[in-house]
Amino acid sequence: MSVEIKSANEIEGIRVSSRMAAETLLGVGEMLRAGITTDAINDFVHKDTIKRGAVPSPLNYKGFPKSVCTSVNDVVCHGIPGKEVIKNGDIINVDVTTFFGGFHGDTSATFYIGPPTKETRHVVETARRALDLGIAEVKDGARLGDIGAAIQTFVESEGCSVVRDFVGHGIGRRFHEPPQVKHYGKRGSGERLKTGMVFTIEPMVNLGGFEVEVESDDWTVRTVDGSLSAQFEHTIVVTKAGCEILTQRPTKLRGSENVAMLLL
Ligand code: MF3
Ligand code: CO
Ligand code: CO
């Protein structure tokens with residue numbers, strides 16, 4: 001199936017749900033601290049989403065049992081909230097997807113619990129900068145492979161690796177739709193980007209090797225070598241000159257975009 005070009009009305013719909021997801025993620029940054037369970041994060045995201053008159057997209061999606069994904073340390077993605085208590089020194093990716101007015105908006109960030117260590121800071125900062133570099137490639141006429149190549153080149157230059165088994169995706173009336181957005185690959189390859197395409201970029205960056213495995217719960221994805229993994233995600237729409245980040249946050253995230261503050 002080919003990649004949809006969204007109408008102005010559809011883009012506005014995705015913009016609204018994306019803004020909600022971004023605001024919920026900002027709220028997560030405010031409530032995160034050592035000693036809480038991942039279930040407490042789920043409760044917050046669930047209630048905050050419902051309060052907006054929206055629905056958390058993950059809940060019951062292909063059988064996913066909770067309203068948000070919480071992925072701690074060596075968990076790459078799709079962590080299921082539960083009784084796990086987060087502690088100082090951990091990193092946690094919280095991936096919020098909001099369904100409102102018939103459209104999904106999808107965004108995630110990795111947070112430090114307490115002051116970052118040298119290692120946590122390296123993998124988290126690499127993932128964040130990888131997303132920025134991927135986004136910088138987007139404009140009408142560029143290729144999907146340009147995004148992957150920019151991300152892979154940078155991540156590997158930092159001594160980290162890019163996960164191959166999970167990709168970014170088109171989004172709109174469906175949570176996941178074409179195209180698949182690889183976070184590795186060759187410049188000049190892949191489909192041409194066109195104004196009005198809406199998709200996510202969401203590089204998963206490992207401190208060790210790129211190999212991952214799915215746990216027996218059929219969801220939780222971990223690094224095979226047990227190394228740390230970090231991820232950031234935005235939903236974007238392609239424009240003539242570049243792109244609009246639909247999940248842009250109006251302010252910085254507490255717990256990963258204010259490292260200097262954390263160290264005080
Ligand atoms: N939000 C994830 C993504 O970025 C997908 C989670 S699927 C779920 O694509 F079922 F685990 F929620
Ligand atoms: Co996504
Ligand atoms: Co997501």
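Note that these values count all heavy atoms, side chains included, but never hydrogens, waters or copies made by symmetry. Atoms within each ligand, like the ligands themselves, are counted from 1 in listed order.
Put simply, Val167 and Val162 are part of two different groups of oily side chains (I, L, V, M, F, W, Y) that touch within less than 4.5 Å, one to the next. Under a hydrophobic-cluster definition in which Ile, Leu, Val, Met, Phe, Trp and Tyr are linked whenever side-chain heavy atoms come within less than 4.5 Å, directly or via other members, Val55 and Ile171 are assigned to different clusters.
Within the protein, the N, O or S atoms sitting under 2.8 Å from the Co ion (ligand 3) are Asp95 OD1, Asp95 OD2, Asp106 OD1, Glu233 OE1.
Among the candidates Asn73, Thr110, Ile41, the single residue satisfying the side-chain contact (heavy atoms from CB on, under 4.5 Å) test with Ile92 is Ile41.
Residue pairs meeting the salt bridge (Lys or Arg N to Asp or Glu O under 4.0 Å) criterion with at least one member in residues 23-49, sequence neighbours excluded: Glu23-Arg52, Asp39-Lys66, Asp48-Arg52.
A salt bridge between Lys6 and Glu4 is present, with a side-chain N of the basic residue lying under 4.0 Å from a carboxylate O of the acidic one.
Other residues, nucleotides and ligands contribute only 12 or fewer heavy atoms inside 6.0 Å of the CZ atom of Arg129.
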Would you sort out whether Val181 and Thr200 count as a side-chain contact (heavy atoms from CB on, under 4.5 Å), showing the intermediate values? CA-CA 7 Å; Val181 181; Thr200 73; 5.7 Å; no
Is there a ring pair (Phe, Tyr, Trp, His ring centres under 6.0 Å) between Tyr61 and His176? Walk through the geometry before answering. CA-CA 11 Å; Tyr61 177 76; His176 295 105; 5.3 Å; yes
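Protein residues having at least one heavy atom under 4.0 Å from any atom of ligand 1 are Pro58, Tyr61, Phe64, Cys69, His78, Asp95, Thr97, Asp106, His169, Phe175, His176, Glu202, Trp219, Glu233, listed by chain and number.
In this pair, His169 and Phe175 present their aromatic rings perpendicular. The plane angle is above 60°, beyond the 30 to 60° band.
When distances to the Co ion (ligand 2) are checked against a cut-off of 2.8 Å, His169 contributes an N, O or S atom below that limit.
Applying the side chain to side chain contact (heavy atoms under 4.5 Å, CB included) criterion to Val212, with sequence neighbours excluded, gives Val76, Val163, Asp165, Phe166, Asn206, Val221.
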